[in-house]
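Here the structure is laid out as structure tokens; the discussion comes afterwards.
Just so it is clear: chains get the letters A, B, ... in the order the sequence lines come, proteins before strands, and each one is counted from 1. Quick caveat: nothing in here was measured; it's all calculated off a predicted structure.
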Amino acid sequence: MKAVFVLNLKSSIKDMYLLFWSILMPFAAIIALRLFVPSYAGNYVEGIIAVSVFFYSFMTTAFIALSQRKRGVYNLLHATPMPLWKYIISISSSWAIVAIILSYIVLLFSIVINRLDISFNTFLYMTPIILIASLSFVFLSFFLSSLVKNEGHLSMTANVLMIPMLLCSNAFFTMEKAPNFIQYISLINPFEWFLNGIKAAFINNFSTWGASLFLLIGCLALTLIISLKTFKYSDQ
Amino acid sequence: MKKLISASQLMKSYKTRCVVDHIDVDINEGEIVALVGTNGAGKTTTIGMLLGIIPQDSGAIKYWTSEYKKEIGTQLQTTPFFEGYSVEDNLKLFAAFYGVSLTKMLIDEKLAAFDLLQVKKMPAIKLSLGQQKRLAIIVTTLHNPKLVILDEPSAGLDPRGQREIQHIIKRLKDSGVSVLFSSHDMLEVMNVADRVLMMHHGKIIANGSPDSLMEHYQTQNLEELFFELTM
């Protein structure tokens, strides 16, 4: 498992194209907010980090998983004695580590640009939230890539799932004035749990942080089971 | 001779099309067995079932060991490699799948033996077809398997590449590894195989050594025999 984890981490870090976009887009958002709405710029940092992690862990990995399946490597993996759960956990963990590093980079950039006063505890409490959430999103991305046949289908299906998750959350708009049914949806939205966990880490609200972590761990178990049960080795 | 694989009455169909029709396949220790047939004859599906990656609709497969995946090396027709990984990292990754740890020296030795040392740091998917086929065969032997299964190892290669693959298959046998490979090329089969399984429309239509089959059917070569049996 360790070798698979290390090799995938090495390969992910070397993928400068994906990393560039995963870092550049949040940087652009932070700079734009600082320039155009300076008084609120600091309030959106948690949302930007959450969206960045969500996109990397969900969208990027879904495309990689689909591409590997279409190349036939999962078929070859199937012919080896490596259990599927070990493979999925190993590579998902390395992607989760990349997601944590990305979020630290985005947070540090935001601290510099917005002159934020962030304590070490924020980093400490943010880490398990990002780890568990990004693992859940990666597991979900395996499920998503198993549902579709090609990149076009994947892009559409990902949008169908991601956009409601983003819109039914407090990432960029407050849910307080949203219609009731949207508020109910936000209660069962894993992205909202993730966002709440990060926000709680920022303000050291341990009860909300603990509740978010608990919900995300449940989500992690569920998405792992779904990814294992639906994993497709090949298109046949 | 010890049987490594004994499959009986294997059947597989996709929707209403029967691609493998109740066939029996035995692979014995120390043998090179060629699975021969036209495109769509059912060779790849048969190999997939023997490898345990395609579930059969009916029939049974007996292996000489319960942990057969640890003891079989596999090269699939598409020679897939992980995108974003170098040649060296692909070898390390597949070795990890088999629970084997490769030293730098061992990797260099294996790559040098297959004339791939100079492309060690290159992305595996950027190699030429011939290089990919050779790399795929290295992957099949990383864990010192008892049996190697190669799905069309020389397809798409030039005559030099095809000859290299034939040498590699013979070298595998010399080192005590049994080989099952599929092919369209009757000359290659004639040069390499101890036994031939001819497939047509999902059925085994001939099974025996090249010489015994030619003698039995009174033909000059395997190609002639194949055309005679599939007319």
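Other residues, nucleotides and ligands contribute only 12 or fewer heavy atoms inside 6.0 Å of the CE atom of A:Met25. No more than 12 heavy atoms of other residues, nucleotides or ligands shown are found within 6.0 angstrom of NZ on B:Lys70. Atom NE2 of B:His184 sits in a crowded spot, with more than 12 heavy atoms from other residues, nucleotides or ligands closer than 6.0 Å. Around NZ of A:Lys232, the count of heavy atoms belonging to other residues, nucleotides or ligands within 6.0 Å exceeds 12. Environment of NZ in B:Lys126: sparse, with no more than 12 heavy atoms of neighbouring residues, nucleotides or ligands closer than 6.0 Å. Enclosure of atom NZ in A:Lys229 is not indicated, since only 12 or fewer non-hydrogen atoms of other residues, nucleotides or ligands lie within 6.0 angstrom. For NZ of B:Lys62, the number of neighbouring non-hydrogen atoms (other residues, nucleotides, ligands) closer than 6.0 Å is 12 at most. Around the OH atom of B:Tyr14, the shell of radius 6.0 Å holds more than 12 heavy atoms that belong to other residues, nucleotides or ligands.
Proximity to chain A is absent for every atom of B:Tyr68, based on heavy atoms less than 4.5 angstrom apart. Only the side chain of B:Ile54 comes within contact range of chain A, with at least one heavy atom under 4.5 Å from a heavy atom of that chain. Residue B:Tyr98 touches chain A through both its backbone and its side chain, counting heavy-atom pairs closer than 4.5 Å.
Contact between A:Ser67 and B:Glu83 at its shortest, heavy atoms only, is OG-OE1, 2.5 Å.
Each side-chain hydrogen bond (donor to acceptor under 3.5 Å, both in side chains) pair with one or both residues in residues 148-172 of chain A, not counting sequence neighbours, appears once here: A:Asn170-A:Glu192.
Listed options A:Ala79, A:Ala3, A:Gly72, A:Ser90 were ranked by heavy-atom pairs under 4.5 angstrom with chain B; first place goes to A:Ala79. Counting heavy-atom pairs closer than 4.5 Å to chain B, the top residue among A:Lys2, A:Lys10, A:Met1 is A:Lys10. Heavy-atom pairs under 4.5 Å with chain B peak, among A:Val6, A:Ile64, A:Asn8, at A:Asn8. Between chain A and the options B:Leu93, B:Val139, B:Ile72, the largest number of non-hydrogen pairs under 4.5 Å is found for B:Leu93.
Looking only at side-chain heavy atoms (C-beta outward), A:Arg71 and B:Thr78 stay at 4.5 Å or farther from each other. Side-chain contact between A:Leu7 and B:Tyr85: present, with at least one pair of heavy atoms (C-beta onward) separated by less than 4.5 Å. Side-chain contact between A:Leu76 and B:Phe97 is absent, with no heavy atoms from C-beta onward closer than 4.5 Å.
If you take OG1 on A:Thr80 and CD1 on B:Ile53, they are separated by 10.5 Å, rounding to the nearest 0.5 Å. In this structure, A:Met82 CE and B:Phe94 CZ are separated by 11.0 Å, a value rounded to the nearest 0.5 Å.
In this pair, A:Tyr87 and B:Phe82 present their aromatic rings tilted. The plane angle is within the 30 to 60° band.
Although no hydrogens or angles enter the test, the distance criterion places no donor-acceptor pair under 3.5 Å between the side chain of B:Lys92 and the main chain of A:Val4.
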